Each structure stands twice: as C-alpha cells, then as structure tokens.
Visitor: 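Before anything else, here's the structure in question.
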Amino acid sequence: MTTRAEFLAAVRDRLREPIPENHLRPLTEAGLGEPIRYAVELSDPEARFLEAATGVGAEVVGRPEDDLRAILERVRDDVRPARAVVTDDPECKGVAPILASLGVEVLAAGGPSDVATADLGVTGALGGVALTGSLVMDSGRARTRLASLLPEVHLALLARDRIAATPGDFLRELSRWFPDGLPSNIVFITGPSRSADIELEITVGVHGPRKVLVALR
Amino acid sequence: MSSEFLTLSTSLRERTAAQVSDSRLRSNLARATDAFADRKAAAYAQFADPEEVRAKARAAKGEVLRRLDQILERLADRLEAVGAQVHWARTDEEARDHVRRIVQTHSAHRIVKSKSMLSEEIALNEALEEIGSEVTETDLGEWIIQLAREAPSHIIVPAIHKDRTQVRDTLQRVAEGDLSDVPGELAAFARRELRQRFLQADLGISGVNFAVAESGTLVLVTNEGNGRLATSVPPVHVALLGMERVVETWEQLDLLLALLPRAATGQPITTYVSAITGARRPKELDGPRELHVVVVDNGRSSILGTEFTEMLACIRCGACLNVCPVYRQTGGHGYGWVYPGPMGAVLTPLLVESKGAAEVPNASSLCGACWQACPVGIPLQDMLLALRRRASEEARLGERAAWGAWAAAWSRPWAYRASLRLASMAARMFNPSKVPGPPQRWALGREVPTPARHSFRDQWRKGSR
Ligand code: SF4
C-alpha cells in the first residue's frame with residue numbers, strides 16, 4: 001500500500017519544474033483576496049433573505065413579531081404532524097411543550113430510525129444567507145443533523161440578526177460563527193430537497209424534506 | 001487501466017438494448033441542455049462581473065495545483081487532527097482495495113452511495129459486489145442507471161438519455177404495484193424505497209466536491225439530499241477524494257462554490273451544501289462514528305506538470321457538455337468511458353492508456369464553446385488540439401486511420417449512427433479561422449479528413465467483430 005510519504009513525493013516530483021503556461025490564455029493574478037462582487041441588492045439582508053428563500057420554494061411562516069405559539073399552531077394546522085422531533089438549538093426553547101400542548105407527540109433527537117418516524121423536524125438555524133435564501137445548520141449546536149433531514153417537513157427558526165449577506169461573507173468569518181472550532185457537519189439548506197433527474201422536471205422531497213418552513217425570530 | 005476501458009465498452013455492447021431510439025435520445029438531450037443554458041445565464045447575472053469571478057477561480061485553482069503537494073499535506077494533517085482516517089491510493093486497484101478493506105473490517109453488507117464520478121472511474125461497485133456487498137446508488141438518476149445496468153450519460157444528470165416512460169419501465173423492476181410515468185410519483189416511489197436502504201445501511205460512500213485543506217473539511221454539493229443521508233445515517237462514512245479536488249482556503253472555496261451550481265444547473269446554490277469536518281463529536285447525537293478519506297491519484301499526477309495540468313482544475317460541472325455540439329448530438333455514452341463531453345475528451349486519453357481512448361479527442365469540433373462555458377476557464381479546445389496532435393504523432397498513422405480506430409470504440413447501434421453524423425459534422429464544423437492564436441496557425445496548415453460514410457461503416461463493422 002502506498003504511504004502518505006510516497007504519495008506526496010510522487011506529486012512533488014511532478015512539480016519540480018514550472019508548469020508550462022498556455023501563452024494564448026495566460027493565468028492572471030486576479031485579486032484573490034477580494035470577495036465576489038454581486039449585482040444584487042443586499043442592503044436589507046432580511047428582506048433579501050425572505051425574497052430568495054421564497055423564490056426557492058421555502059415558506060415563511062412567521063416574523064419576529066409573531067408569537068411562537070401562534071406560529072406553531074399554524075404549522076400544526078397546515079402540516080398535521082403526528083410526531084415532531086425538536087433540536088437543542090437555543091431558538092427552539094419552548095417549542096416542545098407548546099407542540100405537546102397542541103397534541104403533537106414530541107421526540108428527542110437520537111438514532112435515525114426514531115427520527116425517521118417524525119413527520120416534522122423543528123430546528124434552529126445558526127445563521128442565514130441573504131443572497132441565496134439559505135439556512136445554516138450546525139450539528140454541534142443542534143447536536144443532530146437528522147432533524148432537518150429525515151422528516152417530510154422542516155421548520156427552521158432563524159434569528160433576524162444572524163443573516164449574512166452572501167455565502168462568502170459567512171465562509172470568510174467561520175471563526176466568528178464557530179468560536180469553538182468547526183462541528184462535524186455544517187449544512188447550508190436552500191429550499192426543499194429537489195431532483196431534476198427525470199426529464200429535468202423538478203420534483204421536490206425526493207430524499208430530504210419536501211417542505212421547508214422558515215420563521216424569523 | 002486500459003483493460004477497464006475495453007471492459008466497459010464490451011460490457012456496454014453486451015448489455016445494450018438495440019432498440020434505443022436515437023431521435024428520442026437527441027431530443028431529450030437538446031431539451032435538457034437548452035434548459036440549462038437559460039437558467040445559467042440568469043444565475044451568472046447575479047455577479048457584478050462574471051468574467052472576473054471566472055478569472056479568479058481559474059487563478060485560485062492554478063495556485064492550488066502549483067502547490068498541490070503542500071496543500072495535500074496540509075489537508076491530511078488537518079483531516080487526521082479531526083479524527084478522520086486518511087488512505088492513499090496511487091491506482092484504481094489500490095483505491096478499491098482500501099475501500100474493500102474498510103468494508104470487510106465492518107462486515108458492511110449493505111452499502112449506500114451518493115453520486116461519485118470517481119467511484120465510476122475506479123469501478124468500485126463491481127469490486128464491492130464481488131466481495132458480497134449490496135451497493136445501492138441513491139442519487140435518483142444514478143439509481144435508475146444502476147437498475148438499468150447502464151453507464152451514466154451526463155455527469156450531472158446521469159439518466160438524461162432516458163425519458164419518463166423508460167424511467168418508469170426501469171423502476172418497475174423493483175416495484176410491487178404498477179408505477180405511473182409521472183416524474184413526481186416516480187420520485188416519491190424512489191424516496192420510500194431508498195429511505196429503507198439508508199436506514200438499514202452499514203456504511204455510506206460519497207464523493208467529495210471540494211476538500212478545504214486549512215480546516216480538513218469535505219464539501220459535498222447536492223440537491224436531492226441523498227448526499228446528506230449517505231454521510232449522516234450509516235455508522236461509517238467513506239469519502240472518495242480525487243487528489244485534485246482540494247483548495248487551500250475557504251476564500252478559494254467561495255469562488256468555486258459560487259461557480260459550480262451556476263455553471264452546472266443555473267442555481268445560485270444547490271439545495272444542500274454540506275461541510276463535513278471529522279466524524280461525530282462526543283456530544284452529537286447522530287452522524288457516522290468513523291470517517292475514512294481515500295485520496296486517489298489514478299493517473300492524475302501524470303497530468304500534473306504537463307501542458308494539460310489545468311485539466312485538473314475541472315470542477316465537474318458539466319457546462320462544457322451542455323454547450324458541446326458533438327455531445328448534444330451523440331450523448332454521453334459515445335465517449336466510451338465515465339467522463340463524457342469535452343472534459344471527457346481531454347481527461348479520458350490522459351487517464352486511460354488505450355488506443356480507443358487516444359481517439360476520443362477527435363470527438364470534438366474545436367468550436368471553443370466548451371472553453372467559453374467552463375467556469376474555471378480551462379482552455380479545453382487548446383488541449384483537444386494538442387491531444388489530437390499527440391495521438392496522431394504517436395500512432396504515426398495519420399488521422400485517416402485514426403478515425404477508423406475511433407469508430408471501433410463506438411459500441412452501440414445508436415452511437416454508431418450518431419458517430420456517422422458526428423464525423424461529417426465535425427468536418428463541417430471544423431472551421432480553422434475560429435480557433436484563435438497559435439493553434440490556429442497549426443490548424444490552418446492542416447487538412448481535415450472528410451470521412452467517407454461507407455468506408456467508415458465498413459471499418460466500424462470490422463472493428464466491432
Ligand atoms: S471542464 Fe470546465 S466546464 Fe467542463 S466539467 Fe470541467 S469545470 Fe465544468
């Protein structure tokens with residue numbers, strides 16, 4: 001079996017001489033340090049987030065001024081979940097007892113076969129991305145990655161002051177978002193699971209949630 | 001490696017249904033590739049200056065390739081620091097051995113896979129089935145292809161050559177009741193069926209779109225969510241990493257992440273972008289307990305340092321396929337190996353040493369559309385020209401004979417018919433004045449062989465016996 005040293009030595013060997021340049025189309029030293037410039041209005045991240053999220057098929061079910069119970073009641077009436085899984089994200093504080101009082105059985109996060117029996121997953125979001133309407137999930141804070149994945153419906157609670165303008169703004173500040181180091185899994189979620197594998201017709205919910213609901217807090 | 005090339009064509013020939021209608025194939029492809037083009041334009045328009053982003057991405061990949069040894073070393077250090085186990089494979093055989101050993105250690109009988117071109121390249125499924133494991137492809141398109149026992153025809157949409165009726169007929173083989181041909185219902189059937197397999201799986205295998213060296217993070221870009229499931233539900237995750245799919249920093253990743261989905265499907269971002277850094281942490285309640293990363297060379301280092309080095313910047317977006325007049329006519333299977341279209345026409349002969357592969361670069365019109373579409377600015381047509389030149393110099397046969405050998409690589413009835421069209425089209429479209437710069441001088445002083453239809457057919461018949 002090839003060892004790391006052998007593998008890397010073989011790569012190094014190929015790089016002893018300078019790589020031949022394509023003189024026709026030379027590489028430019030394009031100011032790599034600068035973030036990507038977008039031609040999209042990003043001055044109001046919250047408004048842009050809501051527009052982009054809705055544009056990819058997420059549904060906004062609550063605004064910061066809405067009462068949590070009222071939001072959950074609406075979701076219950078819309079989704080009619082028998083069972084919900086709720087994460088440990090700080091935004092989810094108070095969710096489990098309210099759901100229980102609304103007649104929804106609440107599971108704690110845990111093994112896949114349990115979580116798979118839930119029809120609603122309620123999570124917080126570490127942050128959002130305005131340009132793309134994405135939610136950022138953090139497996140460290142939530143202690144789970146399955147609650148936003150296995151149930152047919154995912155409800156995410158996102159604090160309005162945690163919306164970065166662009167993916168790059170988020171990625172360039174990872175150490176601020178994750179002061180204790182990166183968790184095992186970060187996922188940017190942008191709308192419901194989709195596939196275009198059959199005649200390029202978009203179908204939702206092929207593996208992940210078919211509905212993504214967002215409530216801003 | 002050459003034996004694989006031949007095995008693939010032979011088995012394709014054996015497996016193929018002669019009734020595949022090429023007019024249907026072409027209309028599927030044209031519809032699909034046009035739809036991509038429109039969406040792509042809108043997604044690129046979000047950039048203040050798309051050319052600037054493209055130039056930066058190209059420069060970033062160039063920088064990474066120049067220091068690839070150091071960056072891989074950094075990646076390996078970080079991966080180990082976050083508890084991943086790193087395995088090194090110089091060849092396809094070694095890569096298969098690593099995965100087989102991990103599978104055997106865990107007695108993993110049920111394996112779920114999310115889409116990985118690299119796994120196709122190293123023929124992993126067959127190797128795992130040989131040791132008695134059951135491998136399920138979970139990307140909807142890949143699953144369809146797996147059930148149909150075919151090869152993918154597009155790197156982003158593997159079953160692009162099948163229409164809904166063909167998909168229904170394929171899925172019907174594993175369904176109990178009758179299926180309709182409504183895409184949404186077929187997808188719902190796939191969800192139910194594949195969900196069970198995820199929950200029962202002993203091990204998940206995925207590819208890696210990008211690895212970030214500075215933090216030891218593997219980035220996976222998917223729309224369906226099967227990539228998330230395969231890397232989150234089973235207790236063991238094995239990630240296959242082509243050694244060139246690495247960047248050093250998150251800033252570099254931002255560029256490639258912004259370009260890949262826009263170029264591939266016209267999405268500003270895919271539904272899921274997962275960043276995996278190590279296995280489950282002690283306080284996390286789910287996720288795999290073990291993470292293995294198999295770093296694969298398999299011919300890539302022989303490209304490094306040559307005039308084809310930039311081919312290693314390819315992010316597998318498929319944009320060059322969608323705009324290629326030859327691909328649009330013939331579909332992906334004609335290219336003979338796992339990588340189709342212009343990127344395949346360059347990569348295949350560089351990775352696969354066989355006569356058939358050396359002829360694949362002829363399957364292009366050198367119109368330059370691929371280069372213009374490529375989000376990382378790979379000068380594909382310059383490379384295609386260089387490869388053609390190299391092939392004909394090496395063979396010392398002149399290109400007229402090369403066309404014959406190339407024809408022998410087409411193994412399907414429709415590919416054969418398509419290749420006839422392709423050959424005459426390639427000659428028609430080979431307009432030397434369209435090729436800019438030095439290669440133009442080369443091209444102008446050069447005769448394009450005009451394949452004669454009948455002798456072409458005869459040669460093909462000879463070759464296929
Ligand atoms: S060569 Fe360029 S356009 Fe083609 S798949 Fe690779 S990155 Fe995409």
Side-chain angles (χ1 to χ4, degrees), chain A residues 1-4 7-8 10-12 14-15 17 19-20 22 24-25 27-30 32 36-40 109-110 112-113 116 132 134 139-140 143-146 149 167-168 171-172 174 182-191 193-201 203 205-208, chain B residues 32 35 46 48 53 55-56 59-60 62 68-69 72-73 76 88 90 94 140-141 157 159 163-164 167 183-184 186-187 191 199 215 223-226 228-229 232-233 250 254 258 268-269 271-281 283-287 301 304-305 307 309 379 382 437-438:
Chain A
M1 286 278 164
T2 303
T3 63
R4 161 171 163 163
F7 189 101
L8 293 174
V11 177
R12 197 170 304 121
R14 307 290 310 187
L15 293 168
E17 307 284 323
I19 296 171
N22 182 329
L24 209 57
R25 287 172 255 280
L27 285 177
T28 47
E29 282 306 317
L32 270 176
I36 299 173
R37 295 181 299 120
Y38 288 97
V40 175
S113 40
T132 52
S134 309
S139 69
R143 298 176 65 218
T144 166
R145 35 177 121 182
L146 298 179
L149 179 60
L171 298 179
R172 284 162 179 268
L174 281 184
L182 300 184
S184 69
N185 196 282
I186 305 166
V187 57
F188 290 72
I189 297 179
T190 310
S193 155
R194 62 188 60 219
S195 173
D197 274 348
I198 306 173
E199 291 189 6
L200 286 212
E201 190 169 307
T203 52
V206 64
H207 283 296
Chain B
Q46 288 192 343
V53 184
K56 277 185 180 176
L68 189 58
D69 54 331
L72 280 173
E73 183 139 42
W88 303 90
R90 294 213 61 198
E94 222 179 337
L140 178 54
V157 196
D163 65 19
R164 62 184 68 198
V167 171
L186 292 170
R191 178 189 174 103
L199 293 175
S215 57
N223 275 316
E224 295 183 357
N226 63 313
R228 287 183 72 196
L229 283 158
S232 298
V233 175
W250 288 89
D254 180 34
I269 190 170
T271 305
Y272 304 116
V273 177
S274 305
I276 297 168
T277 312
R280 174 201 299 202
R281 303 286 194 271
K283 69 179 178 84
E284 295 176 0
L285 300 166
D286 51 45
S301 58
L304 196 64
E307 61 186 310
T309 302
D382 299 346

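If you're wondering where the values come from, they're calculated on a predicted model, not measured in any experiment. We name chains A, B, ... by the order of the sequence lines, and we start the count at 1 in each one.
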Visitor: Looking only at heavy atoms and a cut-off of under 4.5 Å, which of A:Asn22, A:Leu149, A:Leu171 has the most pairs with chain B?
Guide: A:Leu149

Visitor: Looking at B:Thr277, B:Thr271, B:Leu199, B:Asp254, which one has more heavy-atom pairs under 4.5 Å with chain A than the rest?
Guide: B:Thr271

Visitor: Any side-chain heavy-atom pair from B:Arg281 and A:Pro183 closer than 4.5 angstrom?
Guide: no

Visitor: Taking B:Lys283 for the side chain and A:Arg143 for the main chain, is one N or O donor matched with an acceptor at less than 3.5 Å?
Guide: no

Visitor: Quick one: does A:Ser139's side chain have a donor or acceptor within less than 3.5 Å of a partner on A:Thr144's backbone?
Guide: no

Visitor: Any side-chain heavy-atom pair from A:Thr3 and B:Trp88 closer than 4.5 angstrom?
Guide: no

Visitor: Closer than 4.0 angstrom, basic N to acidic O: yes or no for B:Arg280 and B:Asp286?
Guide: no

Visitor: Checking heavy atoms, do the side chain of B:Ile276, its backbone, both or neither come under 4.5 Å from chain A?
Guide: both

Visitor: Name the option with the most non-hydrogen atom pairs under 4.5 Å to chain A; the candidates are B:Leu186, B:Leu68, B:Val53.
Guide: B:Leu68

Visitor: Between A:Val11, A:Thr203, A:Thr2, A:Val40, which has the largest tally of heavy atom pairs under 4.5 Å with chain B?
Guide: A:Thr2

Visitor: Heavy-atom distance under 4.5 Å to chain A: side chain of B:Val233, backbone, both or neither?
Guide: both

Visitor: Tell me, side chain or backbone of A:Asn185 under 4.5 Å from chain B's heavy atoms, or both, or neither?
Guide: both

Visitor: Which one wins on heavy-atom pair count under 4.5 Å against chain B: A:Thr132, A:Val187, A:Leu174?
Guide: A:Val187

Visitor: Between chain A and each of B:Pro268, B:Gly305, B:Pro379, B:Ala48, count heavy-atom pairs under 4.5 Å; write down the option with the most.
Guide: B:Ala48

Visitor: Any chance you could measure A:Phe7, atom CZ, to A:Met1, atom CE, to the nearest 0.5 Å?
Guide: 13.0 Å

Visitor: Where on B:Ala279 is there a heavy atom nearer than 4.5 Å to chain A: the side chain, the backbone, both, or neither?
Guide: backbone

Visitor: Is A:Ser134 in contact with chain B via its backbone, its side chain, both, or neither, using a 4.5 Å heavy-atom distance?
Guide: side chain

Visitor: Select, from B:Ser232, B:Gly184, B:Ala258, B:Ala187, the one with the greatest count of heavy-atom pairs under 4.5 Å involving chain A.
Guide: B:Ser232

Visitor: Could you check if a side-chain atom of B:Arg228 sits within less than 4.5 angstrom of a side-chain atom of A:His207, using non-hydrogen atoms only?
Guide: no

Visitor: Checking A:Thr190 against chain B: side chain, backbone, both or neither under 4.5 Å from a heavy atom?
Guide: both

Visitor: How long is the span from the CD atom in B:Glu224 to the OG atom in A:Ser195, to the nearest 0.5 Å?
Guide: 3.5 Å

Visitor: Would you check if the side chain of B:Asp69 reaches a backbone N or O of A:Leu8 as a donor-acceptor pair within less than 3.5 Å?
Guide: no

Visitor: Quick one: of B:Thr309, B:Leu229, B:Val273, who has the most non-hydrogen atom pairs under 4.5 Å with chain A?
Guide: B:Val273

Visitor: Count the heavy-atom pairs under 4.5 Å between each of B:Ser215, B:Gly62, B:Ser274 and chain A, then report the option with the highest count.
Guide: B:Ser274

Visitor: Report yes or no: does A:Arg14 contribute a side-chain atom to a donor-acceptor pair with the main-chain N or O of B:Ser301 at less than 3.5 Å?
Guide: yes

Visitor: Is chain B contacted by the side chain of A:Leu182, its backbone, both, or neither, given a heavy-atom distance below 4.5 Å?
Guide: both

